[in-house]
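Keep in mind the model is a prediction, meaning the values are calculated, not measured. Proteins come first, then strands; the chains are lettered A, B, ... in the order of their sequence lines, and each starts at number 1.
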Amino acid sequence: MKHELAHIFTEAKRQDRKSQKYLYEYFSGKMLGIAYSYVGNQSDAEDIVINAFYKAFVKIEDCQSVEHFQFWLRKIVINDAISFIRRKKNIVYMELEDAENYEEELEEVEIDIEKIFEAMPLGYKLVFNLAIFENKKHSEIAEILNITEGTSKSQLNKAKKWLKEYIRQKQQ
Amino acid sequence: MAERIHKTKTTMKKLKDQYEKISIKPNEKTWEKIESKLDKKLSKIIPLFWKYAAAVLVVISLSVLWLNDDKADSIAEHWVIKSESEVGKISPKEMNSNVVKIEQKEKIIVSTKHKEMSIEQKELPPAVLKGETLINPVPEPIGKIKDSPKIAKKVEYTTAEDLLFGVEAQRIQTEQEKSKNRVGKIDFPKIVEPQRIEILGIKVYENSEE
């Protein structure tokens with residue numbers, strides 16, 4: 001499968017449309033899920049995915065190998081999603097007085113992650129996604145979102161509190 | 001406290017695992033939109049490619065023309081046909097350069113950087129010499145040199161084909177050596193003298209008598 005994917009990637013580099021479509025079909029579900037986790041609705045997420053795949057295919061020469069392609073594409077999707085949110089939506093970052101790590105227990109329950117992304121406030125969501133799912137440090141998040149490290153930390157703590165409250169409500 | 005942290009981390013890990021498994025089926029038209037964008041990009045690239053190709057073609061054409069021009073000039077600079085009166089003026093420096101001298105007394109001296117070759121007419125049947133030189137369209141006025149030395153003086157430039165003249169002369173000399181004992185004469189039909197000769201836009205000859 002890896003070998004086949006590598007061949008398809010090589011063909012896609014030659015702008016072969018069938019290979020590009022194959023790569024799209026292989027990665028689009030995942031990329032749409034990631035875009036959705038930022039914007040919280042499918043229509044906007046699809047617009048982001050369309051632009052991200054278009055950029056990826058146009059600049060595919062910049063991507064070294066098929067192993068890197070998924071991470072490279074993911075990065076494009078996340079950057080585009082953040083740019084989209086900045087363009088279209090007002091993000092309000094609420095400062096928390098106490099920016100210490102929030103370590104309160106989260107209940108082990110079955111969570112519908114898509115529902116969480118629909119409901120979580122935008123300001124929390126960006127920091128939460130970057131910190132938890134992309135393993136970004138607060139300094140990196142601060143640079144990406146053009147905020148201070150303190151704001152990044154407080155947004156993450158607030159997001160965790162919000163998640164705990166959300167899960168509690170769902171349990172009731 | 002430690003148990004709480006553990007539970008939180010476990011929940012976060014579960015959340016992460018769930019996140020990595022997210023897959024949302026895109027709308028069927030999503031690919032069509034990507035394809036259409038890619039096609040538009042391609043259609044923009046192609047005319048741009050033709051524009052560049054046309055520009056490159058023009059540059060190449062101009063370069064070729066310029067090079068040809070330069071070559072003709074270069075030949076003219078290095079190969080000069082001189083009349084008898086000018087032969088006496090040739091400096092030793094000129095003797096080392098590529099100079100073809102045509103004496104009015106039908107003595108041809110072909111001088112190159114490496115050797116000098118002299119062909120006396122008395123050793124060669126005149127008709128043959130004339131016939132051979134007439135093959136070359138540019139030194140055609142040579143036939144006129146006898147009657148009109150002024151014309152011969154005016155001929156300053158020649159073409160690359162003149163280079164062949166030296167080769168022809170050498171060939172004639174070789175043939176002559178081979179057939180020293182043979183006597184023969186060939187009369188070639190008289191060729192009409194051209195009014196004007198232009199090569200690559202450069203006037204190399206004009207009959208001033210007309």
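Between S23(B) and K30(A), the shortest heavy-atom contact is OG-N, 3.9 Å. L163(A) and M12(B) make their closest contact through CD2-CE, 4.2 Å (heavy atoms, listed as atom of the first residue, atom of the second, distance). Smallest separation of non-hydrogen atoms from L32(A) and I24(B): CD2-O, 3.4 Å. Shown here for I132(A) and K16(B), the closest heavy-atom pair between the two residues is O-CE, 2.7 Å.
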- Query: After noting the C-alpha distance and the side-chain angles of Y19(B) and I116(A), does the key distance pass the side-chain contact (heavy atoms from CB on, under 4.5 Å) rule?
  - Reply: CA-CA 11 Å; Y19(B) 186 80; I116(A) 292 174; over 6 Å; no
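E143(A) CD: 12 or fewer foreign heavy atoms inside a 6.0 Å radius.
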In residues 52-64 of chain A, what donor-acceptor pairs under 3.5 Å come from side-chain atoms, sequence neighbours left out?
from, atom 1, to, atom 2, distance (Å)
K55(A), NZ, D80(A), OD1, 2.8
K55(A), NZ, D80(A), OD2, 3.4

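Using a 4.5 Å cut-off between heavy atoms, I34(A) contacts chain B through both its backbone and its side chain. Looking at Y36(A), the atoms closer than 4.5 Å to chain B (heavy atoms on both sides) all sit in the side chain, from C-beta outward. Looking at K25(B), the atoms closer than 4.5 Å to chain A (heavy atoms on both sides) all sit in the backbone: N, CA, C or O. Residue F128(A) touches chain B through its side chain alone, counting heavy-atom pairs closer than 4.5 Å.
Using a 4.5 Å cut-off between non-hydrogen atoms, the part of residues 12-21 of chain A that approaches chain B consists of R17(A), Q20(A), K21(A).
Within the model, atoms CD1 of I50(A) and CH2 of W31(B) stand 11.0 Å from one another, a figure rounded to the nearest 0.5 Å.
Side-chain atoms of E46(A) come within 3.5 Å of backbone N or O of N27(B) as a donor-acceptor pair.
Using modelled atom types and a 3.5 Å distance limit, the side chains of N51(A) and K33(B) yield no donor-acceptor pair.
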